[in-house]
Amino acid sequence: MSSSSTSGPIICDVCWHHCAIPEGGVGFCRARTCRDGRVAAGNYGRLTSIAVDPVEKKPLAEWHPGCRVLSVGSYGCNMRCPFCQNFEISQGGAGGVPWREVSPHELVDLAQDCARRDPTVIGIAHTYNEPLVGWEYVRDCSELAHEKGLTNVLVSNGCASTHVVGALAPLLDAANIDLKCFSAEGYQGLGGCLDDVRATIETLGTSPSCHLEVTTLIVPGLNDSEAAMRQEAAWLAEIDRSIVLHVTRFFPRWHMADARPTPISCVMRLADVARECLPHVHVGNC
Ligand code: SF4
């Protein structure tokens with residue numbers, strides 16, 4: 001993290017936005033702040049959502065089927081997808097959404113409790129909002145969770161700097177990364193950076209300890225071309241043909257509440273296109 005002895009804004013290096021944050025202010029993600037001249041995760045340990053979910057709901061289709069994970073999220077996100085399914089927490093800040101403080105020790109204790117009561121609970125998932133804007137909490141919880149024999153799951157837009165993903169990769173047992181489209185312009189329109197997401201997928205897709213699945217939500221007009229899906233699937237296959245791809249159906253939400261759901265036939269057709277390169281393709285929300 002960048003720091004300085006001056007009282008001017010400090011640059012956050014967690015993602016491509018490189019926000020200049022004044023003392024006490026927040027970055028574009030509304031999660032990171034500047035305290036005592038240093039950038040910090042203002043949302044550290046502040047949980048807005050906590051639930052025990054089947055791994056299939058993350059979605060993870062080919063990792064410990066039938067098991068469950070204690071799933072937690074905070075607030076904040078560094079993207080602005082108009083179709084966000086979790087906009088209440090992803091686009092909220094500290095004052096906009098209720099949260100409660102849960103330390104890494106408390107979270108791991110809770111997960112162990114859940115696992116004692118239900119042996120299908122095998123770990124903790126960081127999900128719901130964008131976990132990487134508060135990556136230090138993911139790191140601290142994941143280190144403790146491994147010490148206690150629990151697994152760690154990350155569900156993320158993957159839009160973070162390489163030093164963040166590199167620090168977390170050895171701690172992750174499974175991840176699902178959104179690949180929202182395969183165009184730099186498309187990503188810019190959503191407030192993200194395709195190159196960073198590609199780097200994240202390459203890092204996790206080649207990590208010996210992390211099972212990787214990728215999700216592409218098919219939004220009409222954004223990413224529903226066969227050519228783009230063919231390019232995406234070919235690129236994923238170059239990294240590792242065993243990467244699992246979810247091709248999922250969009251439902252109207254947030255700024256796209258008036259849009260129509262993606263036709264099921266479109267999702268099925270694009271999944272078939274992806275199967276030309278990848279043997280593990282699943283459809284979702286159909
Ligand atoms: S993580 Fe947040 S504060 Fe840091 S650069 Fe990205 S959007 Fe800005």
Side-chain angles (χ1 to χ4, degrees), residues 1-4 6-49 72-97 99 104 126-142 154-169 171-172 175-181 184-201 203-204 254-255:
M1 221 92 11
S2 302
S3 65
S4 162
T6 69
S7 57
I10 307 300
I11 305 296
C12 175
D13 62 3
V14 166
C15 85
W16 77 295
H17 287 290
H18 293 127
C19 300
I21 312 178
E23 184 70 26
V26 290
F28 178 80
C29 59
R30 303 189 181 105
R32 299 190 75 78
T33 186
C34 178
R35 274 191 213 124
D36 304 323
R38 295 182 71 84
V39 177
N43 68 347
Y44 188 99
R46 295 178 170 183
L47 300 187
T48 59
S49 320
V72 295
S74 181
Y75 54 80
C77 184
N78 55 352
M79 292 185 71
R80 293 288 182 271
C81 307
F83 44 82
C84 184
Q85 305 291 302
N86 282 338
F87 69 93
E88 295 93 342
I89 57 168
S90 72
Q91 304 303 321
V97 58
W99 50 266
H126 296 271
T127 176
Y128 302 137
N129 73 312
E130 174 44 54
L132 295 181
V133 296
W135 71 276
E136 297 92 334
Y137 185 69
V138 180
R139 175 197 61 199
D140 296 350
C141 293
S142 298
L154 175 73
V155 181
S156 166
N157 65 29
C159 200
S161 303
T162 50
H163 73 90
V164 169
V165 180
L168 292 182
L171 296 168
L172 298 177
N176 188 302
I177 303 297
D178 280 339
L179 183 50
K180 294 179 189 285
C181 60
E185 296 73 31
Y187 257 93
Q188 267 173 18
L190 303 175
C193 173
L194 176 61
D195 283 348
D196 284 6
V197 180
R198 285 174 60 141
T200 296
I201 289 172
T203 299
L204 298 182
W254 200 32
H255 292 318

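Scope of the values below: all heavy atoms of this structure, side chains included, with no hydrogens, waters or symmetry mates. Counting convention: from 1, in listed order, for ligands and their atoms alike. Counting begins at 1 with the first residue of the sequence. Note that the structure is a prediction, hence the values are computed from the model and not measured.
- From the protein, the heavy atom lying nearest to atom 7 (S) of ligand 1 is Cys29 N, 3.5 Å.
- Less than 4.0 angstrom separates some heavy atom of Gly27 from each of these atoms of ligand 1: 3 (S).
- Taking the side chain as every heavy atom from C-beta outward, Val197 and Cys159 approach each other to under 4.5 Å.
- Taking 4.5 Å as the limit, some side-chain heavy atom of Asp140 sits within range of a side-chain heavy atom of Tyr44.
- Counting only heavy atoms from C-beta outward, the side chains of Arg32 and Val26 never approach each other to under 4.5 Å.
- Side-chain polar atoms of Tyr75 and Arg46 form a donor-acceptor pair below 3.5 angstrom.
- For the pair His126 (side chain) and Cys141 (backbone), a donor-acceptor distance under 3.5 Å is absent.
- In this structure, the protein non-hydrogen atom closest to atom 4 (Fe) of ligand 1 is Cys12 SG, 2.4 Å.
- For the pair Leu132 and Leu168, the minimum side-chain heavy-atom distance is below 4.5 Å.
- Of all protein heavy atoms, the one lying nearest to atom 1 (S) of ligand 1 is Arg32 CD, 3.4 Å.
- At least one N/O/S atom of Cys19, whether from backbone or side chain, sits less than 2.8 Å from atom 8 (Fe) of ligand 1.
- Here His17 fails the criterion, with no N, O or S atom under 2.8 Å of atom 2 (Fe) of ligand 1.
- Those atoms of ligand 1 that come under 4.0 Å of a heavy atom in Val14, given as number and element, are 1 (S).
- Of all protein heavy atoms, the one lying nearest to atom 6 (Fe) of ligand 1 is Cys15 SG, 2.3 Å.
- With hydrogens and angles ignored, the 3.5 Å screen pairs no side-chain donor or acceptor of Ser156 with any backbone N or O of Ile177.
- At a heavy-atom distance under 4.0 Å, only side-chain atoms of Ile21, from C-beta outward, approach ligand 1.
- If you number the atoms of ligand 1 from 1 as listed, the ones under 4.0 Å from a heavy atom of His18 come out as 5 (S).
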